[in-house]
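Here the structure is laid out as structure tokens; the discussion comes afterwards.
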Amino acid sequence: MTECCMGIDIDKEFDRAYKVSSTTDIKLPPDIMLQFYAYYKQATKGNHHGFHRPSGNVELRNAFKLNAWIQLGNLTEEEAKIEYIKLVKQYLE
């Protein structure tokens, strides 16, 4: 376990971090938002990359999101939670 999260309940800290990130008014760059998305999906869904294909600009945006998530395929759900917590601490707190 990494230094950031030793001695804490990862699930509780992840839930807290999610609440912080989902209620913030801070505008983050798109590449950082993709990281938040990918770590959240890996933490909550693992490697089950469900994806439906809408048309237009939404399709392109979803392709970027899916690609970011797939790139995390080597992380466990707990590791993804830890990385998500780190992102919240780095950008939102």
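In this structure, Tyr91 OH and Gln35 CD are separated by 6.0 Å, a value rounded to the nearest 0.5 Å. Rounding to the nearest 0.5 Å places CG of Asp9 at 8.5 Å from CG of Asp15.
Considering only heavy atoms from C-beta on, Leu28 comes within 4.5 Å of Leu92 through its side chain. Using a 4.5 Å heavy-atom threshold, the side chains of Thr44 and Phe14 count as touching.
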Just do the side-chain contact (heavy atoms from CB on, under 4.5 Å) check on Glu83 and Leu87 with the steps written out, would you?
CA-CA 6 Å; Glu83 293 303 317; Leu87 280 177; 6.0 Å; no
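Ring geometry for Trp69 versus Tyr37: interplanar angle over 60°, hence perpendicular rather than tilted (30 to 60°).
Taking all atoms of both residues into account, the shortest heavy-atom contact from Ile10 to Ile85 is O-CD1, 4.1 Å. In terms of heavy atoms, Val88 sits closest to Ala17 at CG2-O, 3.6 Å.
Residues passing the salt bridge (Lys or Arg N to Asp or Glu O under 4.0 Å) test with Asp11, sequence neighbours excluded: Lys81. Among residues two or more places apart in sequence or in another chain, the side chain to side chain contact (heavy atoms under 4.5 Å, CB included) test is passed with Leu72 by Ala38, Tyr39, Gln42, Leu75. The side chain to side chain donor-acceptor pair (under 3.5 Å) test applied to Glu79 returns Thr76, not counting sequence neighbours. By the ring pair (Phe, Tyr, Trp, His ring centres under 6.0 Å) test, Phe36 pairs with Tyr84, sequence neighbours left out.
No donor-acceptor pair closer than 3.5 Å links the side chain of Thr24 to the backbone N or O of Val20.
For residues 16-39, the set of pairs meeting the salt bridge (Lys or Arg N to Asp or Glu O under 4.0 Å) definition, not counting sequence neighbours, comprises Glu13-Arg16, Arg16-Glu93.
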